[in-house]
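Since we're looking at a predicted model, the values are computed, not measured. Computed from heavy atoms alone, side chains included, the values below leave out hydrogens, waters and symmetry copies.
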Amino acid sequence: MKVVALAGGVGGAKMADGLARILPADDLTVIVNTGDDFSHFGLRICPDLDTVCYTLAGLANPSTGWGRADETWNALNSIRELGGPAWFQLGDKDLGTHLERTRRLAQGEPLSKIVRDFSRSWGIAAQILPMSDHPVETWVETEEMGWLPFQEYFVAQQCVPRVKQFEFRGAQQSLPAVGVLDALEVADCLIICPSNPWVSIAPILSIPGIKECCLKVPVRVAVSPIIGGKAIKGPAAKMYEELGINPSVLAVAESYRGLIDGLVIDRVDQAYGEPLEKGGLHVLVTQTIMQNYIDRMNLAKETLEFCQKLLIFRKGRT
Ligand code: GDP
C-alpha cells in the first residue's frame with residue numbers, strides 16, 4: 001500500500017516515524033510544511049523538515065521533540081555574550097545543517113534535492129519532500145500586534161497574541177516540490193498526521209495543485225491533534241478558540257471537511273464517534289498519544305489497518 005503522509009513538526013514527525021518503522025521504505029512519502037521556514041543570520045532554517053528528518057534518522061532530541069540529541073550551544077552562547085539575537089534556539093550540530101543547506105540553496109539547488117541528499121546521509125529510507133521548492137511564508141494576524149511572521153509569533157512571542165487569521169504568502173505563485181504530485185498520483189492512502197491544522201497542514205494544502213491531487217487519493221484519513229479538547233503541545237487548541245471554534249475532534253473534522261473520509265480519534269473522545277459517523281466520516285477510536293516508539297508504531301499500524309479497511313470498502317462499492 002503506497003502511503004503519503006502530510007506533516008508539520010513535532011506531532012507530524014512522531015506519526016511519520018511510526019509509519020516509517022512499519023512500511024517498506026518505497027511505500028512511504030512524507031510531504032512536510034515549509035511555511036515556518038525563515039532566514040536568520042543569513043541562514044535558511046526549515047524547522048518542520050529538520051524535525052521530521054532528525055526524528056526519522058533517530059537524531060532528534062527526545063525531550064523537546066525538535067533539535068538534535070546530545071546538542072551543545074556554544075555558538076548561541078557566543079551570540080548571547082555579544083548581545084545578538086538569541087531568541088531562536090540554534091544548537092551547534094543543528095547549525096551545521098543550516099550552513100550546508102544555505103550553501104547549497106545559494107548555488108541554486110532546489111530544496112527537495114538537498115533534503116533528498118541529507119536524508120541519504122542520515123540513513124533515512126522513506127522519501128521526505130518539502131511541500132514546495134519555492135519559499136512560502138506563514139504570517140499570523142494577531143489582535144495585539146497585527147501581522148507577524150510565523151517564527152516571531154511562535155517563538156519570539158510564544159504564541160501569546162490572539163490570532164485572527166493566517167496567510168501563506170507566496171503560495172499562489174509557488175508550485176509543489178518535485179516529486180510531490182507524483183507521489184500523490186500513485187498513493188493508495190493519504191494520512192494527515194496529528195499536526196496543527198491551521199499552520200502545519202493548511203500551508204501544504206495552499207500550494208496550487210496539492211489539494212486537488214490529494215482528493216484523487218482513494219482513501220484519505222486524518223489523525224486528530226486535538227485530544228479531549230486540548231493540544232498535546234503548541235497552539236492548535238488556542239487557535240480554534242480564538243477563531244471562535246470550540247476545540248474538539250468535531251472541529252478537526254470540520255477543518256478537513258470534504259478532504260478526508262476517515263478520522264482517527266483518541267479513546268477520551270469516544271463519545272464523538274457517533275456524531276462524526278452520522279456526519280458521514282468513518283472513525284477509528286484508539287490511543288493516539290505517542291509517548292514512545294511503541295506508541296508511534298501502534299498508532300501507525302492501526303491507522304494503516306483502518307486505511308486498508310476503507311480501501312477494501314471503497315473497492316467493494318465501485
Ligand atoms: P509543530 O510544527 O512542531 O507545531 O508540529 P505539528 O504541527 O506537527 O504538531 C503540533 C500538534 O501535534 C499539536 O496540535 C499537538 O496536539 C499534536 N501532537 C503532538 N504530539 C501528539 C501525539 O502524541 N498524539 C497526537 N494525537 N497529537 C500530538
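- Under a 3.5 Å cut-off, the side chain of Gln172 and the backbone N or O of Pro208 do not form any donor-acceptor pair.
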Item to complete: Just do the salt bridge (charged side-chain N to carboxylate O under 4.0 Å, His left out) check on Lys301 and Glu305 with the steps written out, would you?
Response: CA-CA 6 Å; Lys301 183 169 164 285; Glu305 284 167 1; 3.3 Å; yes
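- In this structure, the side chain of Gln287 engages the main chain of Ile289 through a donor-acceptor pair within 3.5 Å.
- Between Phe150 and Tyr153, the ring-plane angle classifies as tilted under the 30° and 60° cut-offs.
- No donor-acceptor pair under 3.5 Å is formed between the side chain of Thr72 and the backbone N or O of Asn74.
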Item to complete: Run the numbers on Glu100 and Arg103 for salt bridge (charged side-chain N to carboxylate O under 4.0 Å, His left out), then give the verdict.
Response: CA-CA 5 Å; Glu100 177 58 2; Arg103 181 189 73 79; 2.8 Å; yes
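- The residue from Thr29, Ile31, Leu49, Leu28 that alone fulfils the side-chain contact (heavy atoms from CB on, under 4.5 Å) condition with Ile128 is Leu49.
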Discussion item. Pair Asp17, Thr55 - check side-chain hydrogen bond (donor to acceptor under 3.5 Å, both in side chains), show working.
Written reply: CA-CA 7 Å; Asp17 185 45; Thr55 303; over 6 Å; no
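- A ring-centre distance under 6.0 Å is found for Tyr54 and Trp122.
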Discussion item. Could you walk me through whether Lys216 and Glu212 satisfy the salt bridge (charged side-chain N to carboxylate O under 4.0 Å, His left out) test, starting with their C-alpha distance in whole Å, then the side-chain angles of each, then the deciding distance to 0.1 Å, before giving a yes or no?
Written reply: CA-CA 7 Å; Lys216 292 189 206 144; Glu212 293 73 5; over 6 Å; no
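- Met131 and Trp139 fall into different hydrophobic clusters, where Ile, Leu, Val, Met, Phe, Trp and Tyr residues are linked whenever their side-chain heavy atoms come under 4.5 Å apart, directly or through other members.
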Practice prompt. Test side-chain contact (heavy atoms from CB on, under 4.5 Å) on Glu274 and Glu277 and set out the steps.
Written response: CA-CA 5 Å; Glu274 208 179 300; Glu277 281 175 347; 5.5 Å; no
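- Checking each of Asp27, Val221, Ile22 against Leu304 for a side-chain contact (heavy atoms from CB on, under 4.5 Å) leaves exactly one that passes, namely Ile22.
- Taking the charged nitrogens against the carboxylate oxygens, Glu241 and Lys238 have no contact shorter than 4.0 Å, which rules out a salt bridge.
- Ring geometry for His40 against Phe88 counts as perpendicular: the plane angle is over 60°, on a 0 to 90° scale with 30° as the lower cut.
- The cationic atom of Arg169 (NZ for Lys, CZ for Arg) lies less than 6.0 Å from the six-membered ring centre of Trp147 and within 45° of the ring axis.
- The main-chain N or O of Lys2 is found under 3.5 Å from a side-chain atom of Asp188 such that the two form a donor-acceptor pair.
- Side chain of Asn33 to main chain of Ile204: no donor-acceptor pair is present (N/O by atom type, distance under 3.5 Å, no hydrogens or angles).
- Judged purely by atom type and a 3.5 angstrom limit, Glu137 has no side-chain atom pairing as donor or acceptor with the backbone of Gly170.
- Here the options are Arg101, Arg68, Arg44, the test is salt bridge (Lys or Arg N to Asp or Glu O under 4.0 Å), and the partner is Asp50; only Arg101 passes.
- Of the possible polar contacts, none joining the Gln270 side chain to the Val285 backbone as a donor-acceptor pair under 3.5 Å is found.
- A distance of 6.0 Å or more separates the ring centres of His98 and Phe41.
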